[in-house]
Structure formats: structure tokens, C-alpha cells
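Reminder, nothing fancy here: chain letters follow the sequence lines and each chain counts from 1. Quantities reported herein were computed from a predicted structural model and do not represent experimental measurements.
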Amino acid sequence: MSSTVIPSGELGQQAEESNYLNVKHTIASWLLTGDHKRIALLYLVSTSFFFFLGSIAAGLIRYELTSPAGVVLESETYNKVFSSHGILMVFTFLVVAIPAIFGNFLVPLMIGARDLAFPRLNLASWYMYMTGGTLILAGMIFGGVDTGWTFYTPYSSMYSNGQVTMVIIGIFIAGFSTITTGINFVVTIHKMRAPGMTWFRLPLFIWAMYATSLMMILATPVVAITLLLVVYERTFKLPVFSPELGGDPVLFQHLFWFYSHPAVYIMILPAFAIVSELIANFSRKRIFGYHFVAFSSLAIAGLGFLVWGHHMFVSSQSMYESIVFSLISYLVAVPSAIKIFNWMATMYKGNIRLQSPMIYAIAFLMIFTVGGLTGLFLGAAGTDIHLTATYFVVAHFHYVMVGGTMLAFLGGLHYWWPKITGRMFSDGIAKVNAVIVFVGFNLTFFPQFIVGWLGMPRRYHYYYFAPEFQAYHIMSTLGATVLGLGFILPAFYLTMSLFTGPKAGPNPWGAHGLEWETSSPPPTSNFTETPIVMDEVYDFDPVSDHAKDLKDIEERNRRRSEEGYCGSEDDN
Amino acid sequence: MSAITNTSDHGHDSALHHQFEDIGQQNDSYIVGMWVFLSTEVMFFGALFFIYTLYRWNYQLDFYIAHEHLDVKLGAINTSVLLFSSFTMVMAVQSAQLKRRLHVIGYLLTTIVCACTFLVIKYFEYSSKIADHLYPGAGFATDAHAAFGAHAFEAGKLAVNMNHAQLFYALYFGMTGLHAVHIIAGILVILALIRLWVIRAKSVTLDYIPTEMVGLYWHFVDLVWIFLFPLFYLMPKPH
Amino acid sequence: MASQTSHSHEHHIVPTSTYLLTLILLVLLMLATVWAASFNLPAIGPFSGTVVNQMVALIIATAKALLVIMVFMGVRWSSTLAKLWVASGFVTLILLFGILGDYTTRHYEHQHGWEARPDGSLPRSTPDEEVVPPINANDLNVKIRQ
Amino acid sequence: MSFFNFPLAPPQASNIAQAYDPVFYALVALSVFFTVIVCAGVILFAIRYKAGTKADRSRPMYENLPLELTWTIIPLLLGLVMFYFGTALFVKIKTPPKNCEQIFVIGKQWMWHIQHSNGVRENNTLHVPVGKPVKLTMISQDVLHAFYIPAFRVQMGVVPGRYTELWFTATQAGEYHLFCNMYCGTQHSEMGGKVVAMDPKDYAEWLSNGGQSVAPMSMEQAGAKIYAKVHCDNCHGAEDTLHAPSLYGIYNKRRIFADGTSLLADDEYLRDSIIRPYDHITAGYGETMPVYQGQLTEEDVLNLVAYIKVLGTPIATTPTSIVNRHSAPTAVSPTNESSALAANAVQANTPDPDATPTRRVGSPAVGAVAAEGRNR
């Protein structure tokens with residue numbers, strides 16, 4: 001939205017002198033910072049580290065499954081590896097990554113605030129996250145944990161010999177980090193909007209972030225106390241969830257999924273947040289049905305609390321409750337469908353610039369559609385019976401988590417990279433990488449749908465008794481190799497851009513939004529003066545834009561060729 | 001809107017943090033933030049209350065007999081103590097609004113005394129349970145007669161299932177224990193607040209909001225006990 | 001920004017008498033709930049006397065909680081936003097209690113072999129070799145822990 | 001169904017699978033339809049409205065309630081239709097008919113104990129009749145398990161402390177995978193085996209044979225077979241011959257040897273004389289008998305000795321050998337299902353050295369599945 005900034009001299013030049021990156025250089029100035037942008041970068045580094053570890057575990061799993069009788073690992077090690085993969089990816093990456101990196105960086109910028117409401121709490125939440133993450137890692141190094149990320153009792157509480165207690169306490173602490181982040185966002189969005197920034201002028205990113213925070217705040221404590229009870233059981237040998245004293249193991253699943261289903265939306269809603277921004281800004285068009293998209297986020301958050309039971313159709317849950325959960329699961333599919341169609345409609349008659357973030361967004365749309373639709377198989381109680389806990393489920397949630405969240409994460413990273421670092425990367429390589437990720441991803445996970453439908457159970461180390469599954473596993477492993485390349489490449493070319501990339505300027509994409517009104521990288525206090533918002537959100541005019549674009553492109557290409565810039569930038 | 005404040009100007013008010021425009025916005029943010037945090041706490045205890053409800057509903061008689069070992073009088077005294085501490089806390093907040101420093105310190109100290117009284121009584125309650133081997137785990141009492149006396153028998157037959165009684169005590173220690181942890185945390189927070197008032201720190205003296213936030217937390221702890229008391233101490237005999 | 005905040009620093013100072021009255025009410029309610037618990041209340045409609053007893057105790061507890069929330073925590077005088085967030089926690093808690101829907105619509109009873117021994121020792125701590133004859137026909141005598 | 005070496009669908013071998021597959025394929029069709037719409041739409045728009053192309057961008061649309069309602073209501077209705085079919089299928093899977101064959105399943109780390117209603121027990125292999133509804137009543141001894149037969153499209157959690165149920169009617173004879181599909185610890189992936197769907201007649205015979213396809217023999221019967229097979233009767237007849245002494249009634253008689261020593265013809269002597277006949281040659285005979293060391297298995301020798309002991313007397317036909325210990329027939333003749341379960345439960349508690357499969361080291365073919373391979 002082209003908010004009117006009261007002009008006060010040359011914005012860009014002022015920011016050249018001091019921005020949040022170069023204002024101080026000591027390590028202490030980073031580790032004790034209250035600046036939401038610096039904390040976002042701390043999160044970027046730390047979540048990337050955990051993502052890297054989780055990916056190594058994923059690679060090991062895929063390698064091990066190429067042979068029906070395993071390749072290098074013992075069953076016990078394999079179980080620890082897949083548990084580590086799940087725990088690291090879910091609790092230290094997916095739940096945290098987009099809210100803590102992009103949310104932290106962008107929420108104040110997008111609403112025209114100087115910082116989040118509680119900067120010290122924000123820093124504390126990073127320390128909680130690191131403490132939790134360190135404990136989780138320590139648990140995995142000193143003994144490992146072999147319960148899967150779901151910690152189903154009574155296996156986790158009475159039988160497993162791993163470092164379950166340490167890992168659970170790590171998750172507990174990391175959980176509080178997401179709660180505090182959520183509190184910070186809610187208060188900031190409610191109380192710190194710039195003058196004129198009404199609710200319906202908020203970018204859709206903020207709406208989705210608000211919905212995410214809502215679930216973080218209200219669902220996380222349930223899993224925290226549930227996991228704490230598992231520790232209680234392990235420590236005092238006191239079965240709360242196992243039947244020796246009359247407890248019920250299924251109760252654990254109820255409480256666990258009461259968090260973990262909303263957690264799925266905690267992972268995917270931020271992805272919606274990013275994709276809404278990308279589609280609007282690269283189609284140079286106001287999001288179609290802004291209100292519908294905004295409220296569908298809240299609807300997903302609300303309904304997300306009512307569908308946990310669809311994870312438990314075969315767990316001896318009551319048949320009637322299963323049917324109710326199945327019905328609500330079908331209802332929750334509708335808001336997601338609304339979003340998809342609205343994004344498509346936004347592209348219609350747009351002025352689409354196929355730059356790398358948009359390629360990621362388009363890939364997201366296609367992959368998430370498949371991920372969402374296969375959810376229908378699992379939401380219908382009858383069809384879920386055969387498919388639950390098979391590779392079909394594995395493929396489904398990877399389509400949502402990797403194909404959805406991860407692609408949106410990459411798209412967002414490319415989109416806001418110039419804002420975060422002040423440098424442009426090579427868009428050509430980035431586009432090639434988007435294609436690599438798309439191909440690798442589908443090759444990895446599509447065969448898993450089929451092998452799951454054939455009946456390959458998840459969390460299986462061996463399948464020598466069913467060698468017919470092998471072909472699909474080999475395809476999947478091949479795809480994972482390609483996908484791995486797609487994750488490694490950005491680390492190189494984005495890092496390279498820090499040193500060789502051209503200066504980005506405040507608004508390299510020609511995007512709308514308060515974050516693009518300030519310099520890149522932004523100054524510590526975000527805006528030199530508090531912006532006053534007067535225009536509507538995503539206030540593009542495709543027709544006049546089109547004419548202006550053609551001239552801009554011509555101008556930029558001419559300048560680039562004069563400077564000898566070698567990235568392929570003539571994509572518009 | 002009207003207030004366009006330059007960022008370099010942090011205002012005349014040193015209690016105002018740089019990210020806020022004015023003290024009103026800051027106060028509002030703090031109160032809303034505290035409530036959002038308390039809604040987290042509601043869910044935190046709520047899950048335990050749910051587990052309690054489920055097991056209680058399934059094992060009514062066993063839970064009833066197990067609860068007979070709890071002392072209603074001590075529970076009622078503890079409830080009164082906590083209610084009174086809530087009152088002194090709210091008076092501390094009121095004094096903070098009226099900027100009566102010594103009153104604030106006095107009321108806060110009374111609150112801490114109440115909290116400690118609560119913990120002392122809780123200590124005696126816990127020790128009587130532990131003395132009778134009613135702590136959950138491997139050493140749980142096996143002799144129903146020794147633990148619950150005549151209550152454990154109905155028409156000459158053993159009426160209590162000691163497994164379910166153990167489940168009851170697991171929940172009793174778990175829930176009241178978690179509540180006690182909150183009380184201890186509350187004492188520490190109040191002590192820190194008292195220190196700030198004693199040294200006349202501007203962060204608390206200029207505005208009552210920090211005191212109010214501690215107050216909200218303390219009332220929440222009271223709130224939890226208001227439900228724990230009837231659920232654990234005042235069980236009706238299944239009839 | 002200031003436009004959206006209701007300036008709460010024009011705060012409402014509640015008189016001491018209100019607080020004192022609340023405290024007295026709270027203590028009276030506490031005594032009432034202890035007193036009510038000493039009776040076995042009669043069944044009302046579909047609810048058994050036990051349930052009625054418990055309902056009374058919980059209604060009194062809720063009344064006390066409302067008093068604390070409204071007066072002591074000052075929600076009566078706070079912004080709509082704060083009120084919404086006060087409600088949110090409790091509303092979500094009601095959703096959590098939806099889990100009860102499962103237990104009320106299915107058979108929920110433990111099989112005998114799974115309960116700990118009558119002497120109180122946990123079954124998992126008994127030696128493996130011990131073979132206990134079936135208590136009744138449905139008893140599976142499953143071994144609990146290796 | 002398969003495409004070259006890529007199988008595309010699991011076998012459809014139960015009534016539930018027959019009801020399941022149409023719903024599944026309907027969902028596949030629905031998914032393909034919407035995926036194609038979205039992918040085609042996105043790609044088409046991306047090309048058509050790419051910046052710089054001359055396309056009609058006039059009168060852009062930002063809000064359109066009818067359109068929004070269209071793509072709210074159509075997916076909702078389609079979803080509700082699929083929900084209906086899914087639920088109908090679910091109710092069918094969850095409601096066993098009255099006249100079920102009852103089988104009991106106990107899951108434990110990491111194997112399945114299965115008990116048929118007449119007391120026949122087996123591990124990791126489930127034999128079921130084709131065409132007759134079968135209901136499994138299941139419970140776990142330790143952690144959560146799940147009993148999963150992909151070819152039948154049935155799966156159900158096996159929970160400690162509580163019975164759960166699963167039913168199906170097999171429609172095609174054959175062997176199908178059986179998996180534990182709830183993570184249950186180290187050897188989770190090896191906790192499985194196979195389901196053998198048999199012709200009802202074969203199944204009845206299998207049941208009455210105590211869990212074997214052919215009636216088991218007594219040791220003496222087996223010995224007689226071997227006696228005939230290796231042609232002992234060529235030399236050892238009813239009377240002493242020139243070549244060999246008679247074996248009739250030889251058991252527990254004192255034998256005098258060529259070197260003057262003597263021994264009582266006990267089990268050990270008989271065994272020795274079969275596998276190393278020249279150690280003790282009965283006085284009056286030469287070294288004419290073949291050495292059977294390495295020619296006969298220990299089991300054969302045992303059976304042979306048993307037969308020699310009763311030579312000349314009528315052979316008992318009651319099976320005394322336990323060829324397949326897991327399927328050992330029991331003396332229980334149940335009057336109702338629960339007493340059968342109780343009686344078998346007592347047996348389930350007796351120490352069973354083979355009950356837990358050996359820990360796998362290196363080679364994959366060791367373990368529960370391989371051990372049970374000969375169970376058919």
C-alpha cells in the first residue's frame with residue numbers, strides 16, 4: 001500500500017549510514033539485542049542449523065530404505081534417526097521457522113511499528129528456543145530417542161530406554177518460546193499498528209500471522225502439560241496414560257493431537273501468509289477476495305481446534321466421535337480451497353512477473369493443492385482406515401509441510417532477502433533452483449503415495465517381506481537427492497549475494513507494503529518517521545502498471561548491460 | 001493521526017519504552033499481553049483438569065474413598081488464605097494507582113506472608129500423605145485399612161481399588177504441586193516487585209501497570225485454587 | 001497508533017469497600033460450598049445426587065472465579081479486547097473437554113489382566129515366572145512388563 | 001494391477017476391500033480433477049498474463065461474492081458427498097455381522113499371538129476361511145500396536161488393557177501381508193507375517209488338524225515310514241536271519257557282542273546301533289549294515305527308535321510329536337468363546353522359548369517371519 005510517508009529528505013541516503021545490520025558489530029550487540037530484525041536473523045541462523053541436522057537424518061532414512069533389508073543401520077539406530085528427523089523438523093524448524101524469522105522481521109515493519117511490543121520477551125524466546133534445541137540435540141547425542149515425534153504412550157513413558165525425558169523437556173522449553181512469540185505478535189498486531197492502518201488495510205501476511213499466534217497461544221500449553229506428564233510417568237514410574245492403574249493410553253493421543261493438529265496449521269498458515277504476499281505483489285494486483293482470504297485464515301485457526309480426532313480413526317476411539325471429526329475435517333478443507341481459488345483469481349488479469357519468488361509461489365500452489373486434496377482421503381474415516389500410518393500419510397504431510405511450508409519459506413526468503421540484507425541475488429539461478437526443488441520434491445514424495453496405497457507402513461526399517469515396494473523407494477531416494485541439491489544451492493548463491501550482489505535499494509521488486517517504504521536494510525527503528533497509512537492494501541493498478549513496467553524493464557536492462565551485470569534479469 | 005513522534009525522541013517519560021508511542025499504548029499492551037499469557041495458563045491447567053475429570057468420572061467410588069484422607073479444614077483455611085492474599089494484592093494495586101508507596105509495600109508483604117502460610121499448610125498436608133505412603137510410585141500404600149481406615153470398606157468388603165487411589169494421588173500431587181510451583185514463582189515475582197518499590201524504581205512508581213500485571217498473575221493462581229478446592233476436597237459420596 | 005488505544009491510564013480506581021465486599025462474598029461462598037458438600041443432595045431429573053452435589057460445588061466455584069476475574073482482576077473495567085482474551089482461554093478449554101465425547105460414546109473399561117495386583121504392587125514389578133490363575137473368564141492374564 | 005514392475009494397487013481380497021476401492025478411486029478422480037484445474041489455471045494465467053504480454057487487463061475484479069460463494073459451496077458439497085461415502089464405508093468396517101468366526105489376537109513386542117476358537121494357536125500367521133466373516137478380538141500385552149492387512153483394507157489399533165475389534169470376509173484364497181502399523185519399538189518393522197486365506201473346507205481341516213494342513217503322525221508312525229523308506233526290513237525281519245538279528249522286542253533286552261561284552265538295549269544303544277553299527281556288533285553277525293551317520297536326521301533317528309521299541313505291537317495313532325509347537329493342538333474343547341480364551345490364556349503364560357523372535361543381526365531372513373514360514 002502506498003502509504004504516505006511525510007518526506008524528510010532522502011530516505012535511502014540516511015539509511016546508508018546506519019541500518020540495523022551495521023549499527024553495532026560486537027557479538028554482545030547481537031546476543032543481547034532487542035531489535036526484532038536482529039532476533040529474526042538469530043532465528044534464521046539457528047533454525048537453518050536444525051533444518052540441516054534434520055535433513056541429514058532424512059537423507060539417512062532415504063538411503064537406508066533403498067534396500068528392503070536396510071543398508072547400514074541397525075533397527076534401533078534407524079528408529080532413532082527417524083525420530084530425530086521428526087522431532088527436529090517439527091519442533092525446531094517447521095513450527096518455529098516462518099513465524100520466528102519472517103514474522104519477527106516483518107510484523108512490525110508491515111504495520112508501521114518500531115518494534116514488537118515486548119522486545120526483551122522476544123529475545124528471551126530465542127534463548128528459550130536455543131535452550132530447548134540444545135537439550136533436544138543433547139538428548140539425541142547422549143542416547144537418542146526412539147519414540148517417533150509423537151511420543152505415544154505407553155511406549156514413550158514405560159518402555160523406551162532413550163533420552164526421552166531430556167528431549168521432552170527440550171520440547172517443553174522450545175514450546176514456551178513459540179508461546180511467547182505468539183503473545184508478542186498478538187499484542188503487537190492489536191496495539192502497535194500505525195495510524196490509519198485499519199484491520200482491513202493489514203497485509204494478509206499479518207492476518208495469517210495473527211491466526212497462527214492464536215493457535216500457538218491456546219494449543220501449545222496442552223502439549224506442554226501432556227509431555228510433562230510423560231516425564232512424570234517416566235520419573236516416578238507412575239502410569240497416568242497406561243492402563244496398569246486404570247489410565248488410558250488413548251487419552252494421551254487425544255491431548256497430543258489437540259495440540260498437534262493445530263500445530264499443523266501453525267506450520268501451514270505462515271506459508272499461506274507468505275504466498276498471499278508473493279501472489280499479490282508479483283501479479284501486481286490486489287488479492288482477489290481480500291476479506292475471504294483474511295477470514296479463511298481465522299476460520300482455519302478456529303476449525304483447526306476441532307479436528308484432532310481424525311488422527312485417531314483406528315486408535316479405538318469411539319465410532320461416533322470419529323464420524324463427527326471426519327465431518328469437521330471436511331469443513332476445514334473449505335477455507336483452504338477458498339484460498340487456493342482466490343490466489344488463482346488474483347493471477348487472472350494480473351501483470352505477472354515471473355521472478356524467482358513467484359516461481360516458488362506457483363510451485364506452492366500446485367503442490368499444496370495435491371497435499372490438500374490427498375488430505376481428503378485421510379479425513380474420510382472409511383478411507384483413512386487403510387491409509388493411516390502408511391507412506392500415504394507420510395507423502396501427504398510432506399506435500400503440505402515440505403511442498404507447502406518449505407516452498408513458501410524459500411519463496412519468502414528470496415522475496416525479502418534484499419530487504420533483510422540490502423543485497424540482490426541472481427534471479428536466474430534462483431529460478432533454476434525453484435525448478436530443481438519442484439522436480440526433486442515431486443520425485444521424492446509422489447511415489448510414496450503409491451507405496452502407501454500398496455500398504456507400506458511408515459516407520460518401517462525393513463520391508464524384505466514385501467520387495468514389491470522397493471522400486472518406489474528407490475525413486476523416492478533419487479528424488480531426495482535432487483531435493484537436497486535444491487536446498488543446498490540457495491545457501492551458496494544467497495551467501496554469495498552478500499558479497500557480490502548489487503545494492504537492492506528500498507524496493508527492488510516494485511512491491512507494495514510498508515516494509516518496502518523504508519530503506520534496505522531498514523534502520524534500527526524501522527522508519528525514520530512513523531508512517532501514516534492512507535491507501536488500501538495492495539493498491540496496484542495493473543493497466544497503468546503494465547505500461548510503466550515496460551519502460552522500467554527497458555531502463556533497467558540498459559543500465560545492467562552498461563554495468564556488466566551478468567544475472568539474467570530480463571524476465572519481465 | 002496526530003501523534004507523529006520522532007523516533008529519536010523517547011519522550012520525557014523514562015518508563016516509556018522506545019517501541020511505543022505513548023504510555024497509554026504501552027499500558028494497554030502490557031495488560032493485553034498479560035491476559036494472553038493467562039489464557040495460555042488456563043489451557044495449561046485446563047488439560048490437567050480435563051484428565052482429572054475423566055478419571056474421576058470413571059472411578060468415582062475409588063476417588064471418593066481416596067479423597068477422605070484429605071483434610072477439608074486445612075483446605076478451607078488455605079482457600080481463605082489465598083482469597084485474602086488476593087484481596088491484599090488488589091489493595092496493593094489500588095495503592096499503586098494512588099501512588100502510596102508504603103501502602104503498596106505493606107500490602108505486597110502481606111501477600112507474601114499469606115503465600116508462605118499457604119505453603120506451610122500445604123507442607124503439613126503433603127507430609128501427612130507421605131507419612132501414610134500415599135505418594136504415587138513404587139512405594140504407594142498397599143494396605144487400604146492403614147491408609148483410609150474404615151472408609152475403605154463397605155459392608156465388610158474392600159471397596160477401594162488401590163490402583164485408582166494411586167491415580168487420584170498422582171493427580172493430587174501433580175495438580176496441587178504445579179499450583180504450588182506457581183505460588184513459589186509468584187512469591188519470587190512479588191519479591192522483585194517489592195524491591196523495585198523499595199528502591200523507588202521509575203518503572204513501577206510512575207505507573208501502576210507493572211504492579212497490576214503481578215496482581216493479575218496472582219489472582220490467576222488464586223483462581224486455580226478456587227477450582228482445585230471443591231474438586232479435591234469436597235467430593236460427594238457416590239449416591 | 002494512539003488512535004486505536006483506549007487510554008487506560010485514565011484508570012478506574014475502585015474503592016476499597018468494593019474489594020472488601022468482594023472478599024467477604026468470596027469467603028461466604030467458600031463456607032457455603034463446604035456446607036453444601038456435607039449433604040447428599042437429591043437427584044434432579046436425569047442427574048444423580050452425586051452429580052447434583054458436584055454441580056453445586058462447581059457453580060459456587062464458578063461464581064467465586066467470576067468475582068475474582070471481574071472485580072479483583074478488573075475485567076469489569078477493562079477493554080473489550082482484554083475481555084475477548086479472557087474468554088478465549090476458557091472457550092478453548094471447553095473445546096478440550098470435547099474429548100469427553102469420545103469416552104461417553106464408547107465402551108471404556110479396562111480388562112482385568114491389566115490392573116495392578118490387589119496387594120498394590122505394580123504388575124510390572126512382579127517376576128515374569130509368576131503365573132496367576134485367571135480371575136474370571138474374560139481374564140487374559142497378560143504379562144505387563146518383560 | 002501393475003505397470004511393468006510397478007504395482008499400482010494392493011490385491012483386493014476381502015469384502016471390505018471391494019467396498020473400499022470405489023470410494024478410494026472416486027477420491028482419486030476428484031483429486032485429479034481439482035489438481036488439473038489448479039495446475040492448468042495457474043500455468044495458463046502465468047503465461048497469459050505475464051508482464052509485458054499484450055493481454056486484456058481491463059476491468060480487473062477484486063471482490064465478487066457470487067464467485068466466492070461458488071468456490072465455497074461446490075467444494076463443500078463435493079466434500080459432503082465424499083464424507084457421506086467415507087462414513088458409510090467406515091460404519092460398515094466398524095460393524096461386524098452377528099455370525100462371525102471368532103479369532104483372538106494378542107499383540108506384544110514384537111509378535112502376534114493368534115488363537116483360533118477351538119484353541120489352535122499360531123504366531124505371526126493368521127489362517128482364515130474364505131467367504132466367512134471373521135472377527136478378531138485383539139488386545140496388547142505391552143505397548144500400542146495396530147493390526148493391518150493391506151489386501152483386506154482393514155486396520156485397527158491394538159491397545160493394552162482394552163479389547164478392540166476388527167472384522168472382514170476374505171474373498172480370495174491366497175497369502176497376504178500382515179503388518180504391525182503402530183510404532184512399537186526396536187523391531188517394529190519385523191512385527192508382522194502373513195494372512196493365509198483358505199478354502200473353508202481346507203480351513204476346517206486345518207483347524208481340526210491342530211493347525212496343520214495334513215494330520216500329524218505319531219512318532220511311531222513316522223518311524224515306521226522311515227523304517228520302510230531306508231529298507232530296514234530287508235535284513236531285520238520278524239525272525240533272526242543270516243544277515244541281521246530281528247529287532248522285534250529288542251528294547252530293554254541284554255545284547256551280547258562279538259567281543260564278549262554286553263549292553264542293555266536302551267534308547268542310547270539303539271541310536272548308536274543305527275548311526276554307528278560297528279561299535280557293537282551282536283555276536284554272530286558281520287559288518288554288513290550301512291552306517292547311517294549323516295544319512296538320517298536326529299528327528300528321523302528318534303522316530304525310528306520309537307518305532308523299533310514297539311515293533312510287533314499295534315502302533316498308537318495319537319500324535320505325540322509336536323512337529324509345529326506353535327500350533328500344538330490342545331485338549332480343550334470349548335463350550336463358549338470366553339472359556340476358550342481363558343484356557344488358552346493360561347497356556348499363553350507358560351514359558352515359551354521361541355515366543356520372541358531372535359534378535360536380528362546381519363542377515364534379514366532370521367526372525368519371526370522366517371521362523372513362521374514353515375507354518376503353512
So which atom in [X] and which in [Y] form the shortest heavy-atom distance, rounded to 0.1 Å?
{"X": "D/Tyr20", "Y": "A/Leu387", "value": "OH-CG, 3.4 Å"}
{"X": "D/Asp21", "Y": "A/Trp453", "value": "OD1-CH2, 3.5 Å"}
{"X": "A/Leu454", "Y": "D/Pro150", "value": "O-CB, 3.7 Å"}
{"X": "D/Leu89", "Y": "A/Gly382", "value": "CD2-C, 3.7 Å"}
{"X": "D/Val159", "Y": "A/Ser316", "value": "CG2-OG, 3.8 Å"}
{"X": "A/Met366", "Y": "D/Ile43", "value": "SD-CD1, 4.1 Å"}

Would you say the side-chain atoms of [X] pair up with the backbone N or O of [Y], donor to acceptor, closer than 3.5 Å?
{"X": "A/Tyr348", "Y": "D/Met61", "answer": "no"}
{"X": "A/Tyr159", "Y": "D/Gly185", "answer": "no"}
{"X": "A/Asn79", "Y": "D/Thr186", "answer": "yes"}
{"X": "D/Asn181", "Y": "A/Thr388", "answer": "yes"}
{"X": "D/Gln155", "Y": "A/Ile385", "answer": "yes"}

Report the option among [options] that has the most heavy-atom pairs separated by less than 4.5 Å from atoms of chain D.
{"options": "A/Phe469, A/Tyr463, A/Phe82", "answer": "A/Phe82"}
{"options": "A/Ile340, A/Ile362, A/Val451", "answer": "A/Ile362"}
{"options": "A/Gly289, A/Ser322, A/Ala380, A/Gly247", "answer": "A/Gly289"}

First locate atom [atom1] of [X], then atom [atom2] of [Y], and finally report the distance between them rounded to the nearest 0.5 Å.
{"X": "A/Glu76", "Y": "D/Gln187", "atom1": "CD", "atom2": "CD", "value": "9.5 Å"}
{"X": "D/Met182", "Y": "A/Arg458", "atom1": "CE", "atom2": "CZ", "value": "9.5 Å"}
{"X": "D/Phe179", "Y": "A/Met456", "atom1": "CZ", "atom2": "CE", "value": "7.5 Å"}
{"X": "A/Lys349", "Y": "D/Arg48", "atom1": "NZ", "atom2": "CZ", "value": "9.5 Å"}
{"X": "A/Thr346", "Y": "D/Phe45", "atom1": "OG1", "atom2": "CZ", "value": "10.0 Å"}

Find the one option among [options] whose heavy-atom pairs under 4.5 Å with chain A are most numerous.
{"options": "D/Ala88, D/Cys39, D/Ala19", "result": "D/Cys39"}
{"options": "D/Thr164, D/Leu166, D/Thr35, D/Val154", "result": "D/Thr35"}
{"options": "D/Phe85, D/Phe152, D/Phe83", "result": "D/Phe83"}
{"options": "D/Ala151, D/Ser31, D/Gly86, D/Cys184", "result": "D/Ser31"}
{"options": "D/Val42, D/Leu65, D/Val23", "result": "D/Val42"}

Answer with side chain, backbone, both or neither: which region of [X] has an atom nearer than 4.5 Å to a non-hydrogen atom of chain D?
{"X": "A/Thr77", "value": "neither"}
{"X": "A/Ala333", "value": "neither"}
{"X": "A/Met358", "value": "neither"}
{"X": "A/Asn342", "value": "both"}

Would you call the rings of D/His188 and A/Tyr460 parallel, tilted or perpendicular, where under 30° means parallel and over 60° means perpendicular?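 Judged by the thresholds at 30° and 60°, the geometry between D/His188 and A/Tyr460 is perpendicular.
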How are the rings of A/Phe465 and D/His177 set relative to one another: parallel (under 30°), tilted (30 to 60°) or perpendicular (over 60°)?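 The rings of A/Phe465 and D/His177 stand perpendicular, inter-plane angle above 60°.
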Pairwise side-chain contact, [X] with [Y], heavy-atom cut-off 4.5 Å (strictly under):
{"X": "D/Phe90", "Y": "A/Ser326", "answer": "no"}
{"X": "D/Tyr49", "Y": "A/Asn351", "answer": "no"}
{"X": "D/Asp142", "Y": "A/Pro154", "answer": "no"}
{"X": "D/Leu144", "Y": "A/Tyr155", "answer": "no"}
{"X": "D/Arg162", "Y": "A/Val250", "answer": "yes"}
{"X": "A/Ile338", "Y": "D/Glu68", "answer": "yes"}
{"X": "D/Tyr148", "Y": "A/His386", "answer": "yes"}
{"X": "D/Trp71", "Y": "A/Phe292", "answer": "no"}

Engaged part of [X] at the chain A interface, taking heavy atoms whose separation is under 4.5 Å:
{"X": "D/Ile93", "answer": "side chain"}
{"X": "D/Ile16", "answer": "neither"}
{"X": "D/Val28", "answer": "both"}
{"X": "D/Thr95", "answer": "neither"}
{"X": "D/Ala146", "answer": "neither"}
{"X": "D/Ile47", "answer": "neither"}

Would a line drawn from the ring center of A/Phe377 to the ring center of D/Phe24 be shorter than 6.0 Å?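 They qualify: ring centres under 6.0 Å apart.
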Ring center gap for D/Tyr62 and A/Phe288 short of 6.0 angstrom: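 Between D/Tyr62 and A/Phe288, the centre distance exceeds or equals 6.0 Å.
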Audit row: A/Leu327, D/Leu80, side-chain contact (heavy atoms from CB on, under 4.5 Å) steps and yes/no: CA-CA 8 Å; A/Leu327 177 63; D/Leu80 287 179; 3.7 Å; yes
Going by distance alone, is a donor N or O of one side chain under 3.5 Å from an acceptor N or O of the other, for A/Arg459 and D/Ser189?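 Short answer, no.
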Pair A/Tyr464, D/Glu190: side-chain N/O donor-acceptor within cut-off below 3.5 Å: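 Yes.
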Contact residues of residues 367-375 of chain A (partner chain D; heavy-atom separation under 4.5 angstrom):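 So the qualifying residues are A/Thr369, A/Val370, A/Leu373.
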